[in-house]
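Have a look at the structure below before the remarks.
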Amino acid sequence: MKKDRPIIVAISGLSSNTGKTSLACELLNRLPGWEAIKLTRGHYRSCGKDPAGCCVSDLLREEPLIRSGREANYESGKDTGRFWKAGAVNVHWVIVDEDQVEEGINRALARVRTGGVIVEGNSFLDFVTAGFAVICARAGENRLKASARRTLAKADALYLSTIDDSDRITAIKRFEKWRASLSVDLGFDGIPIWTHDDLPRLIESIREKNQNFCNALASSVVNF
């Protein structure tokens, strides 16, 4: 049996603007030698936002577009530029429409040459099983994405981001207050909830789960 894929850490969001890129950068900084994948879904029309800031409709093709390497995707202030600055040894920007996500992410994963990769983007977990999956949320109110429940079912950890450097206890209290206001149960029970204060524990959990994965893989090779 051949291991043909890197260890994958997936970062998705419970809603928009939940600090996914910031967490990805924190992890890249603490996991030297890893690569990064940024997944961007677009539409064959303007998204209604600032075209210079986020719209990728002009980049969509009949096949997934993947820009790998610093010359192809580094731009200061953009997510891919932040990945480079955080220490990624390579960055792959995947630009797809709704029907190209699976093909695009698989093509990008095939380009990864290191043992681990951070993947940021929603819908990724619908097609690929990650070694460790983190879903990000705001410590306060979140505008839930339609896919929130589906993503939570696959999450190994829930990470709370703040904009005011709140401590762990305050962040969790704010999140639980918002959670209590919901009319539905999203099923957070059993998922560890961590904040910036818990990053060392998050890194350790990623390493531990990945080691378990590697041990299981080695055992399957021996028994093959």
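Source: prediction; values computed, not measured. All values below were derived from every heavy atom in this structure, side-chain atoms included, with hydrogens, water molecules and symmetry-related copies excluded.
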*asked:* Please check: side-chain N/O of S161 versus main-chain N/O of T18, any donor-acceptor pairing under 3.5 Å?
replied: yes

_Check: E102 main-chain N/O paired with N106 side-chain donor or acceptor under 3.5 Å_ = yes

*Any side-chain donor paired with an acceptor under 3.5 Å for W93 and T40?*
yes

*Under 3.5 Å, is there a donor-acceptor pair between the side chain of R30 and the main chain of I203?*
no

*R41 bridged to E98 by N-O distance under 4.0 Å*: yes

_Under-4.0 Å salt bridge between E141 and R174_ = no

_Using modelled atom types and a 3.5 Å cut-off, is there a donor and acceptor pairing between side-chain atoms of T80 and backbone atoms of N73?_
yes

*Compare all side-chain heavy atoms of L109 with those of I8 and state whether any distance is below 4.5 angstrom.*
yes

*Can we say D97 and R61 salt-bridge, meaning some charged N sits less than 4.0 Å from an Asp/Glu carboxylate O?*
no

*Reported CZ-to-SG distance for the pair F83 and C25, which is rounded to 0.5 angstrom*: 5.5 Å

_V134 side chain near W194 side chain, heavy-atom distance below 4.5 Å_ = no

*Does any N or O in the side chain of K154 come within less than 3.5 Å of the main-chain N or O of L125, such that one atom is a donor and the other an acceptor?*
yes

